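What follows is a single structure, written as structure tokens, with notes after it.
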Amino acid sequence: MKYLPLAVSLALCALVNPLTAATKPPNFVVILSDDQAYRAIGCNNPAVKTPNMDQLAAEGIRFDRAFVASPICAASRASIYTGMFPQQHGTVGLSRNGFIKNVVEEKRFITLPAVLEKAGYHTALYGKSHLGEPTTFGFTEGREIKDLNDDETFAEAGNFLQRAAKSGCPFLLWLTPRNPHLPFTAPQRFKDIYKDADIQLDPNWLESPPMQSFFNQGRAGDGISFRDSKHLVFPGAPAGATGGPPRTETQMREVIKAYYGDVSCLDEQIGHLIEQLKSDGLYENTIIIYFSDNGYFLGNHGLGNKITMHEESVRVPMFIHSPLLPVKQARSDALVSSLDVYPTILDLAGVTPPPQLMGKSLRPLLAAPTARVHDYVVSECVGLPENRLGVGHRMVRTDRYKYILSSSDEEAFFDLRKDPYELKNRVDDPELKSEIERHRTMLHDWMSRVGEKRLKVAETNEPAAQEKAIPSE
């Protein structure tokens, strides 16, 4: 374990610029879960038993329309830490090559923990990294933890809080539990919660997905290419969770029960963490941010994973909780992005942000939950299946509509007010022509801002563009 001695931490504290002369800089605890669907939390779905998360969300501010910059683990996390899209920081597919090169080695982009450390914060990451050891990309301390049930991760969090309480230095504690990622290994008592649960499948549930590029990430002209269809990912996992479609209704319900068991296990651990924040005297000055690196399909559209631009894949649960919040017990339906976490934390800490950031501070929403910070949000999943820039899917999401563009130049347009399960592609609907053009323009404007590297369809089959990946953890 690597961490600064107490004397050094205290010296750094003196460098912090407080929000005002009369207040202490806030502490931050960020919990980034793994593969947690929007519907996999009790406040969004009463079938899921998460009393601790529900209480935090109810007492703070809950964001009902939060989206990730990329619905795949390594790229999503690299985007959160850098405040940029995958095409910009170069972390695509399941490879962390771009992050190692551009962030760790060449230091082209400064990460959130590195900015906070320069401002006098003590920072730590414990849990699943996906991008290498945390101390290589800006955290003061931390390490990759491979405990599937996260007991070790939360034990390290407890140790950190004890030290933080003694030092008095403002801190960022970033926890990255592995749950509820496969293979769903929560202790039996959590699985038993759902033993007799009546699991309802959504209207867009299918045994197998449609044979279109929007439902896979293969090259143009390929057959179906689901990430979880080619091999057994985790032998011994619940029925249907180890391979791809087809999945029967019975199989899918068993998978969902086991998945919800992992979520309930995580919820109990969070409850213990809150108790320790209170007992250590840190709770009143700590801001807790909770969200996930991407969503999860759980059989919707016939899929069992993520990586497409459908709501199940790109939309995640998210809330902010703290006694410091100006407005409490609130909900916001504003469009927010995972890229907003970086500037929000800096804004709340009173720290000047670097110029690279693509997100916006959510601080206006904390004071006025009905406000707006984005006209639209963008997500992209690029690089699959061969970790190459220029291929993949992109979307623009506005209040009512969603526009998707695939590597095969296929388009989709959904009216989410009338069709929340994205069952009818209306890209050829003449009544929506002006809206479709407006969304195309927004996507092309975004492409210009990020330096779009999209390949032409004919180029996507050229093997010379492929890249050997440094695998993510």
Side-chain angles (χ1 to χ4, degrees), residues 37-38 63-72 75-76 79-80 84-88 92-93 204 209-210 212-218 220 227 292-297 300-301 303 305-316 318 334-340 358-359 374-384 389-429 432 435-455:
Y38 175 79
F63 298 98
D64 288 332
R65 295 196 293 179
F67 298 86
V68 292
S70 184
I72 190 165
S76 177
S79 290
I80 293 164
M84 305 170 70
F85 286 96
Q87 291 188 74
Q88 297 174 295
V92 299
N204 59 354
Q212 294 174 256
S213 68
F214 294 125
F215 302 92
N216 73 81
Q217 286 280 2
R227 182 186 166 203
S292 189
D293 62 350
N294 48 253
Y296 211 60
F297 275 105
N300 289 14
H301 295 292
L303 295 163
N305 215 282
K306 57 253 186 181
I307 78 175
T308 78
M309 296 294 108
H310 296 94
E311 293 287 280
E312 293 87 354
S313 179
V314 295
R315 188 181 182 189
V316 295
M318 182 177 180
L335 296 167
V336 303
S337 168
S338 60
L339 296 182
D340 299 332
M358 300 297 290
H374 295 290
D375 294 326
Y376 64 90
V377 292
V378 175
S379 184
E380 63 173 353
C381 191
V382 295
L384 292 175
L389 278 170
V391 300
H393 299 180
R394 301 136 179 87
M395 77 153 197
V396 166
R397 173 65 154 84
T398 56
D399 279 334
R400 178 170 177 173
Y401 299 106
K402 177 187 292 184
Y403 171 72
I404 304 173
L405 179 64
S406 81
S407 284
S408 303
D409 282 343
E410 291 181 295
E411 299 173 293
F413 194 78
F414 297 104
D415 182 344
L416 295 166
R417 186 176 301 168
K418 294 182 177 180
D419 180 23
Y421 292 99
E422 298 170 293
L423 293 169
K424 185 176 182 180
N425 182 0
R426 300 183 65 184
V427 74
D428 295 322
D429 189 334
L432 294 174
E435 283 293 347
I436 294 168
E437 286 299 325
R438 184 171 75 94
H439 284 69
R440 283 178 180 143
T441 298
M442 284 188 282
L443 184 63
H444 285 290
D445 288 345
W446 171 82
M447 288 176 174
S448 297
R449 284 195 296 123
V450 301
E452 172 68 34
K453 300 174 178 64
R454 186 167 177 266
L455 296 177

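Computed from a predicted model, the values in this text were never measured in an experiment.
Side-chain contact between Glu422 and His301 is present, with heavy atoms from C-beta onward closer than 4.5 Å. You'll find the side chain of His374 reaches within 4.5 Å of the side chain of Asp340, heavy atoms only. Put simply, the side chain of Gln87 does not reach to within 4.5 Å of the side chain of Met447, judged on heavy atoms. The shortest side-chain heavy-atom distance between Arg65 and Asp399 falls under the 4.5 Å cut-off. No side-chain heavy atom of Glu311 sits less than 4.5 Å from a side-chain heavy atom of Asn300. At least one side-chain heavy atom of Thr398 sits less than 4.5 Å from a side-chain heavy atom of His439.
Applying the salt bridge (charged side-chain N to carboxylate O under 4.0 Å, His left out) test to Arg440 and every residue at least two apart in sequence or in another chain returns Glu411, Glu437. Remark: Asp429 pairs with Arg426 by the salt bridge (charged side-chain N to carboxylate O under 4.0 Å, His left out) rule, at least two apart or across chains.
Aromatic ring pairs are classed by plane angle as parallel below 30°, tilted from 30° to 60° and perpendicular above 60°; the pair Tyr401 and Phe413 is parallel. Ring-plane geometry between Phe297 and His310 is classed as perpendicular, the angle between the planes exceeding 60 degrees on a 0 to 90 degree scale with a lower cut at 30. Under the 30°/60° scheme for interplanar angles, the aromatic rings of Phe85 and Trp446 are found to stand perpendicular.
One distance of note links CE of Met309 with SG of Cys381; it measures 5.5 Å at 0.5 Å rounding. Atom CZ of Phe414 and atom CG of Leu432 lie 12.0 Å apart (nearest 0.5 Å). A distance of 6.0 Å separates CZ in Arg397 from CG in Leu335, rounded to the nearest 0.5 Å.
The minimum heavy-atom distance between Met84 and Leu339, with the atom names listed, is O-CD2, 3.5 Å. Shown here for Val316 and Val68, the closest heavy-atom pair between the two residues is CG1-CG1, 3.9 Å. Taking all atoms of both residues into account, the shortest heavy-atom contact from Phe215 to Pro209 is CB-CB, 4.1 Å. Residue Leu416 comes nearest to Lys402 through the heavy atom pair CD1-CB, 4.0 Å, listed as atom of the first residue, atom of the second, then distance. Minimum heavy-atom separation, Ala412 to Asn425: CA-OD1, 3.2 Å. Of all non-hydrogen atoms in Ser313 and Lys306, the two that sit nearest each other are OG-C, 3.5 Å.
Remark: side-chain polar atoms of Asp419 are paired, donor with acceptor, to backbone N or O of Leu423 under 3.5 angstrom. Checked by atom type and distance alone, the side chain of Glu380 never pairs as donor or acceptor with a backbone atom of Gly392 at under 3.5 Å. Checking side-chain atoms of Arg315 against main-chain N and O of Asp64 turns up a donor-acceptor pair under 3.5 Å. For the pair Ser76 (side chain) and Pro71 (backbone), a donor-acceptor distance under 3.5 Å is absent. With hydrogens and angles disregarded, no donor-acceptor distance shorter than 3.5 Å links the side chain of Ser406 to the backbone of Phe214. A side-chain donor-acceptor contact under 3.5 Å links Ser79 to the backbone of Ala75. Within the 3.5 Å criterion, the main-chain N or O of Met358 finds no donor-acceptor partner in the side chain of Arg449.
Side-chain contact, His393 with Thr308: no donor N or O sits under 3.5 Å from an acceptor N or O.
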Side chain to side chain contact (heavy atoms under 4.5 Å, CB included) assessment of Glu410 paired with Val427
CA-CA 10 Å; Glu410 291 181 295; Val427 74; over 6 Å; no

Evaluate the side chain to side chain contact (heavy atoms under 4.5 Å, CB included) criterion for residues Phe67 and Met395: first the C-alpha distance (whole Å), next the side-chain angles of each, then the deciding distance (0.1 Å), finally the verdict.
CA-CA 11 Å; Phe67 298 86; Met395 77 153 197; 4.1 Å; yes

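Glu435 has no carboxylate O lying under 4.0 Å from a charged side-chain N of Arg400, or vice versa, which leaves the two without a salt bridge.
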